Structure formats: C-alpha cells, structure tokens
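Remarks on the structure that follows.
As the structure is a prediction and not an experimental result, all values here were calculated from the model.
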Amino acid sequence: QVQMVESGGGLVQAGGSLRLSCTASGLTFADYTMAWLRQAPGKEREGVSCISWGSGSTYYADSVEGRFTISRDNAKDTLFLQMNSLKPEDTAMYYCAARAGAYCSGSWPRPQFYNYWGQGTQVTVSS
C-alpha cells in the first residue's frame, strides 16, 4: 500500500521561508518521478514543481521559478520543496504526487499525470 505523508506547512509572513517534506512508503521511491502541486480555495489544482526519476531533472511553474527549489533524497524516500520569498498568492494546500514510468514532461503540471498523492499540507502566507 502506497503512502505519502507531507509535512512542513504552516503560517508565515510574506518574504519568509518554509521547507516542505514528503515521505513515501510502499513504492520504490527512486523509480518515481515526483512533484509538488497546490490548490488554493476556489481554484484548480496546479503544478508547482517536478523532479524526474533517474536524471533528477527539475521543472518549475513560472510563478515560483527562482523562489522554490525541489529536491529528493532517494536513500530516505523523501521529497522536499524549499520555498523562499513567499508571497500571499502562494497560500494553498500543497500536495506531493508520484508518477511511475515517466519523466517530467509537458504534462507534469496536470493532476491527471500522477498515480499517487499525499493528503496535503497547508501553507498560509500573510501580507
């Protein structure tokens, strides 16, 4: 049974930083492309960042490029998202997601691209 558990969310002032973690079990983590997506109230879930299995190539949404950094520790089955210079518009529920058998591609921002999901962690940025 696949489980993915996010942590690290919270309330932070604009300009601050947070580091999200997602620990996976029940899958061969190193073989999965991993990603962070987010969903704000009343909005659709959107891709934030993706990191491919193997090469570790990374991709970012334009809105977070230069502020967020995705990384993974395959030895610890853990995915990270370092978020700096946070803005109120970054407020959302953040989810980690896993995809087998594919690298990050043009489809990575789409929720339908992924096989497994975590339960989410809330990030709230105050102005």
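- L11 belongs to no hydrophobic cluster with other residues, because no ILVMFWY side-chain heavy atom falls under 4.5 Å from its own, directly or through intermediates.
- Among residues two or more places apart in sequence or in another chain, the side-chain contact (heavy atoms from CB on, under 4.5 Å) test is passed with S17 by Q82, N84.
- Proximity of a side-chain donor or acceptor of S85 to a complementary backbone N or O of G15 within less than 3.5 Å is not detected.
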Could you go through residues 35-44 and list every donor-acceptor pair under 3.5 Å that involves a side-chain atom there, pairing it with any protein atom two or more places apart or in another chain?
from: W36; atom 1: NE1; to: F80; atom 2: O; distance (Å): 3.1
from: R38; atom 1: NE; to: E46; atom 2: OE2; distance (Å): 2.7
from: R38; atom 1: NH1; to: D90; atom 2: OD1; distance (Å): 3.0
from: R38; atom 1: NH1; to: Y94; atom 2: OH; distance (Å): 2.9
from: R38; atom 1: NH2; to: E46; atom 2: OE2; distance (Å): 3.3
from: R38; atom 1: NH2; to: S63; atom 2: OG; distance (Å): 3.4
from: Q39; atom 1: OE1; to: R45; atom 2: NE; distance (Å): 3.2
from: Q39; atom 1: OE1; to: R45; atom 2: NH2; distance (Å): 3.3
from: Q39; atom 1: NE2; to: K43; atom 2: O; distance (Å): 3.1

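- Counting all heavy atoms, side chain and backbone alike, A24 lies closest to M4 at CB-CG, 3.9 Å.
- No donor-acceptor pair under 3.5 Å is formed between the side chain of Y59 and the backbone N or O of S52.
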Under 3.5 Å, side-chain donor or acceptor atoms of residues 102-116 against the rest of the protein: list the pairs with distances, not counting sequence neighbours.
from: S105; atom 1: OG; to: S107; atom 2: N; distance (Å): 3.2
from: Y114; atom 1: OH; to: W108; atom 2: O; distance (Å): 2.6
from: N115; atom 1: OD1; to: A100; atom 2: N; distance (Å): 2.8

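- Evaluation of the side-chain contact (heavy atoms from CB on, under 4.5 Å) rule for Q119 yields V5, E6 as partners, not counting sequence neighbours.
- Linking Ile, Leu, Val, Met, Phe, Trp and Tyr whenever their side-chain heavy atoms come within less than 4.5 Å leaves L20 and M93 in two separate clusters.
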Output side-chain donor-acceptor pairs under 3.5 Å for residues 71-79, partner residues at least two apart or in another chain, one line each.
from: R72; atom 1: NE; to: N74; atom 2: OD1; distance (Å): 2.9
from: R72; atom 1: NH1; to: Y32; atom 2: O; distance (Å): 2.9
from: R72; atom 1: NH2; to: F29; atom 2: O; distance (Å): 2.8
from: R72; atom 1: NH2; to: Y32; atom 2: O; distance (Å): 2.8
from: R72; atom 1: NH2; to: N74; atom 2: OD1; distance (Å): 3.4
from: D73; atom 1: OD1; to: A75; atom 2: N; distance (Å): 3.1
from: D73; atom 1: OD1; to: K76; atom 2: N; distance (Å): 3.3
from: T78; atom 1: OG1; to: T23; atom 2: OG1; distance (Å): 3.4
from: T78; atom 1: OG1; to: K76; atom 2: O; distance (Å): 2.7

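- Within the structure, the disulfide (SG to SG under 2.5 Å) test picks out no pair touching residues 53-90 (sequence neighbours left out).
- Taking CD1 from I51 and OG1 from T33, the interatomic distance works out to 9.0 Å, rounded to the nearest 0.5 Å.
- Closest approach of L86 and V12 over heavy atoms only: CD1-CG1, 3.6 Å.
- In the hydrophobic cluster analysis, where Ile, Leu, Val, Met, Phe, Trp and Tyr join through side-chain heavy atoms closer than 4.5 angstrom, M34 is grouped apart from W53.
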Mind listing the side-chain donor-acceptor pairs of residues 120-127 below 3.5 Å, one per line with the distance, residues two or more places apart or on another chain?
from: T121; atom 1: OG1; to: G9; atom 2: N; distance (Å): 3.2
from: Q122; atom 1: NE2; to: A92; atom 2: O; distance (Å): 3.4
from: Q122; atom 1: NE2; to: T124; atom 2: OG1; distance (Å): 3.4

